[in-house]
> 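Have a look at this one.
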2 protein chains.
Amino acid sequence: MTQDELDTSVGYVLKRVQSALRAAMDAALREHGLTTPQYACLELLDQRPGLSNADLARGAFVSRQSMNVVLRGLEENGLVERPAQAAQGRALPVRLTAEGRERLRRAHADVFAIERRMVGVLDPERVALLRADLTRIAEGLGG
Amino acid sequence: MTQDELDTSVGYVLKRVQSALRAAMDAALREHGLTTPQYACLELLDQRPGLSNADLARGAFVSRQSMNVVLRGLEENGLVERPAQAAQGRALPVRLTAEGRERLRRAHADVFAIERRMVGVLDPERVALLRADLTRIAEGLGG
DNA sequence: TGCGTCATGTCAACATCCTGACATACCGTG
DNA sequence: CACGGTATGTCAGGATGTTGACATGACGCA
């Protein structure tokens, strides 16, 4: 790999980082019996209990259909629960079970370690800049 | 969406940016009859002619099997060619055809416009920092 | 009240990507 | 030379994600 034009593309480096991060998370979460999308779903639900399937799909950047199978898996494992039918509207509010909260707590420790290792190679003030710039970019792209 | 802990995670923002970028590229490349992995493959081949399937897979962060179907598609469309059998070893050197180069040239313009729009919201010196930091992070994660 | 619009959950079909496995070819060392 | 280790291309199977489509429920407006 030489240092040519490809490495100058932010898009390419972005993809590279995301690939490495995903691999690290997959490996860490496997020990907790979770996939990365499942973990993302639990994390979202922990911070905002009662989110619907569609809400979770948007938050995890996947389709409603994909999130639905993720939820089904979490439901079968007893980590998540949702009412059989909506009290109002069609949206079914999803909530973590006690077991789900506990599983998330343990998995979160490992994932947070990866995040710390990831940003650990940078000066703290640079991390703040990085996060701000990435957010601006996402907004600029319409994400 | 409130500004809570989730938005402070670099990993989450990374995923958000990558999702938006992928969507933008998919939309732009569709007009050229290309998928994003196909485009990535053409780009790699343009810069390093003769790369093998395995080389391309590593460069695009996918498995050899996935890259093989990408190559098959490009081959059927006459954008790429590879010898029926290797002159030495097992690796089959892949090369762009004239049509492939031309298709890439046009698609590249649109993709480059996305890249410019993406980093355009940032000061140029910040872009350099961003790229450097992302590269360091990727290396730190073992990517 | 009725109607158009939008969001949601869900089904089906398809595309994409991956892991596991295998045979083959090189390459180093004994 | 023989051998283990490594890398490549390829096949089979399964997991994951997507688009398209449909029915249902909420909301705004005439």
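Proteins get letters first, then strands, A, B, ... in listed order; numbering begins at 1 in each.
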> Would you mind telling me which of D/dT10, D/dG25, C/dC18 lies closest to the side-chain atoms of B/Val62?
C/dC18

> Measuring to OP1 and OP2 of D/dG17, would you say a side-chain N or O of B/Arg22 lies under 4.0 angstrom away?
no

> Starting from P on D/dA7, measure out to CG on B/Asn53 and report it in whole angstrom.
15 Å

> Rounded to whole Å, how long is the line connecting atom CG of A/Leu71 with atom C1' of C/dT10?
13 Å

> Tell me the interatomic distance from B/Arg72, atom CZ, to D/dC11, atom C1', rounded to whole angstroms.
9 Å

> Please confirm whether the shortest side-chain N or O distance from B/Ser66 to OP1 or OP2 of C/dC18 is below 4.0 Å.
yes

> How close or far is atom C1' of D/dA7 from atom CZ of B/Arg64, stated in whole angstroms?
8 Å

> Quick check on C/dC17: is either OP1 or OP2 less than 4.0 Å from any side-chain nitrogen or oxygen of B/Ser63?
no

> Mind calculating the distance between CD (B/Gln88) and P (C/dC27) to the nearest angstrom?
6 Å

> Quickly work out the B/Arg82 CZ to D/dT10 C1' distance and round it to whole Å.
10 Å

> To the nearest 0.5 Å, how far apart are CG in B/Leu134 and OH in A/Tyr12?
13.5 Å

> What integer distance in Å separates B/Arg90:CZ from D/dG9:C1'?
5 Å

> Can you find a side chain N or O atom of A/Arg58 that sits less than 4.0 Å from OP1 or OP2 on C/dT8?
yes

> Provide the closest heavy-atom pair for B/Gly78 versus B/Thr97 in the form atom of the first, atom of the second, distance.
O-OG1, 2.6 Å

> Of A/Gln65 and B/Ala91, whose closest DNA chain D nucleotide lies nearer the 5' terminus?
B/Ala91

> Please report, rounded to the nearest Å, how far the P atom of C/dC17 is from the CD atom of A/Gln18.
13 Å

> State which residues pass salt bridge (charged side-chain N to carboxylate O under 4.0 Å, His left out) with A/Arg95; sequence neighbours excluded, sorted by chain then number.
none

> Show me the donor-acceptor pairs within less than 3.5 Å that the side chains of residues 79-90 of chain A make with the rest of the protein, sequence neighbours left out.
unit_1, atom_1, unit_2, atom_2, d
A/Arg82, NE, A/Glu75, OE1, 3.3
A/Arg82, NH2, A/Asn68, OD1, 3.1

> Is the shortest heavy-atom distance from the side chain of B/Glu115 to the side chain of B/Met25 under 4.5 Å?
no

> Looking at D/dT19, I'd like to know if its phosphate oxygens (OP1 or OP2) sit under 4.0 Å from a side-chain N or O belonging to B/Arg30.
no

> Looking only at side-chain N and O atoms, does B/Asn68 come under 4.0 Å of OP1 or OP2 in D/dT10?
yes

